[in-house]
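A short write-up of the structure that comes next.
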Amino acid sequence: MIHNKLLLLCIAIICITTVSNAQMNSYGMRLGANYSSVNGDDIPEEFDDSRIGIAVGFFAEITLKKNLLFQPELQYSAQGNKEEDFRIDYIQAPMIFKYNVHRFLNVQLGPQVGLKIWEWEDSNNYKTFDFAAVAGLGITITKNIFVDLRYAYGLSNIVDEDNFASINDGKNRNIQLSIGYKI
């Protein structure tokens, strides 16, 4: 628990320092679909089907250097598995660093913190926080419209072992395809 708070504090300090030394270029919104699952050795195969969910959020795009941008976000994300007991929804804060390889193509990398806001039948089987590493590609279609394809790899065990009878370990995995609009 202490390492989670320390990680969150470090990420917040990096974000505040970065934002204070940079210039905001734009902001906007993203809307997309998730193909997600909770993976772990203890999860029975019959519950292993992925869930298709929605993701919607807001972002700011901040130029750090000529081709390097920082994109903090706040988004809602419906994740988990198809089986109802494995459905979990989050408010997430991806902190994405984008590098423009070309004027229409960028690569993305950064941490993501998630706060559980809902789980099926409020069973309290899952921990409150989720930490992930995010990597992706972005394509600029017009000055204001873009498409992102991202993969989020869960770093933390989200299963609350005390409340889940037979499962001790589970981590989020998520592929997200979204379209965005910059203002």
Side-chain angles (χ1 to χ4, degrees), residues 1-15 18 30-45 47-59 68-83 85-101 105-120 125-139 146-161 164 167-180:
M1 186 66 143
I2 292 174
H3 74 279
N4 290 346
K5 290 179 183 178
L6 183 60
L7 177 64
L8 194 56
L9 177 64
C10 290
I11 290 170
I13 290 169
I14 290 169
C15 290
T18 302
R30 300 172 67 244
L31 175 64
N34 290 326
Y35 185 73
S36 63
S37 64
V38 176
N39 295 98
D41 294 334
D42 300 336
I43 297 175
E45 281 187 37
F47 300 139
D48 207 20
D49 291 337
S50 297
R51 176 185 183 193
I52 296 175
I54 189 170
V56 62
F58 301 95
F59 67 89
L68 183 63
L69 301 112
F70 176 60
Q71 185 170 304
E73 302 178 12
L74 189 62
Q75 71 178 8
Y76 163 81
S77 184
Q79 295 183 193
N81 292 7
K82 189 174 181 180
E83 170 64 32
D85 289 338
F86 291 91
R87 292 183 185 179
I88 317 150
D89 295 352
Y90 293 93
I91 294 293
Q92 296 172 326
M95 289 157 264
I96 305 298
F97 290 90
K98 294 169 55 172
Y99 182 77
N100 290 325
V101 178
L105 178 67
N106 64 69
V107 291
Q108 306 172 9
L109 187 64
Q112 175 176 277
V113 178
L115 172 67
K116 176 186 74 172
I117 58 169
W118 178 86
E119 68 180 272
W120 184 257
N125 290 332
Y126 301 98
K127 295 178 181 174
T128 304
F129 291 100
D130 177 39
F131 298 95
V134 178
L137 291 173
I139 297 174
F146 63 89
V147 175
D148 287 335
L149 179 63
R150 294 181 180 168
Y151 180 72
Y153 182 84
L155 301 173
S156 58
N157 179 15
I158 62 165
V159 173
D160 189 340
E161 301 90 359
F164 224 126
I167 298 173
N168 295 318
D169 184 49
K171 295 179 179 162
N172 278 316
R173 303 289 189 262
N174 183 25
I175 297 173
Q176 187 178 89
L177 178 64
S178 61
I179 187 164

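Heads up: numbering here begins at 1 and tracks the sequence.
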To the closest 0.5 Å, what do you measure between [atom1] ([X]) and [atom2] ([Y])?
X: Met95; Y: Gln71; atom1: CE; atom2: CD; result: 12.5 Å
X: Lys98; Y: Phe146; atom1: NZ; atom2: CZ; result: 6.0 Å
X: Leu69; Y: Asn100; atom1: CG; atom2: CG; result: 5.5 Å
X: Asp160; Y: Lys127; atom1: CG; atom2: NZ; result: 6.5 Å
X: Asn106; Y: Leu137; atom1: CG; atom2: CG; result: 7.5 Å
X: Leu115; Y: Phe129; atom1: CG; atom2: CZ; result: 5.5 Å

For Asp89, the salt bridge (charged side-chain N to carboxylate O under 4.0 Å, His left out) test, sequence neighbours excluded, returns Arg51

Which residues pass the salt bridge (charged side-chain N to carboxylate O under 4.0 Å, His left out) test with Glu119, sequence neighbours left out? Lys116

Taking the side chain as everything from C-beta on, heavy atoms only, tell me whether [X] gets closer than 4.5 Å to [Y].
X: Tyr76; Y: Ile117; answer: yes
X: Val134; Y: Ile96; answer: yes
X: Asn174; Y: Arg150; answer: no
X: Leu149; Y: Ile175; answer: yes
X: Asn125; Y: Val159; answer: no
X: Ile54; Y: Leu31; answer: yes
X: Ile52; Y: Tyr35; answer: yes
X: Ile43; Y: Phe86; answer: yes

So which atom in [X] and which in [Y] form the shortest heavy-atom distance, rounded to 0.1 Å?
X: Asn34; Y: Gln176; result: OD1-NE2, 3.0 Å
X: Tyr90; Y: Asp130; result: CE2-CB, 3.8 Å
X: Gln112; Y: Pro94; result: OE1-CG, 3.4 Å
X: Asp148; Y: Gly138; result: OD1-CA, 3.4 Å
X: Asn81; Y: Ser37; result: OD1-CA, 2.9 Å
X: Ser36; Y: Ala78; result: OG-O, 4.2 Å

Holding to side-chain hydrogen bond (donor to acceptor under 3.5 Å, both in side chains), I want the full list of residues that pass it with [X], two or more places apart in sequence or in another chain.
X: Asn157; result: Glu161
X: Tyr153; result: Arg173
X: Ser178; result: Arg30

Establish, from distance only, whether the side-chain atoms of Gln75 and Ser77 form a donor-acceptor pair under 3.5 Å. no

Do side-chain atoms of Ser156 reach the backbone of Phe131 as a donor and acceptor pair under 3.5 angstrom? yes

Identify, with sequence neighbours excluded, every residue that meets side-chain contact (heavy atoms from CB on, under 4.5 Å) alongside Leu74. Ile91

Between Phe70 and Phe97, what is the ring plane arrangement, given parallel below 30°, perpendicular above 60°, and tilted in between? tilted

Atom OH of Tyr151 with >12 non-hydrogen neighbours under 6.0 angstrom: yes

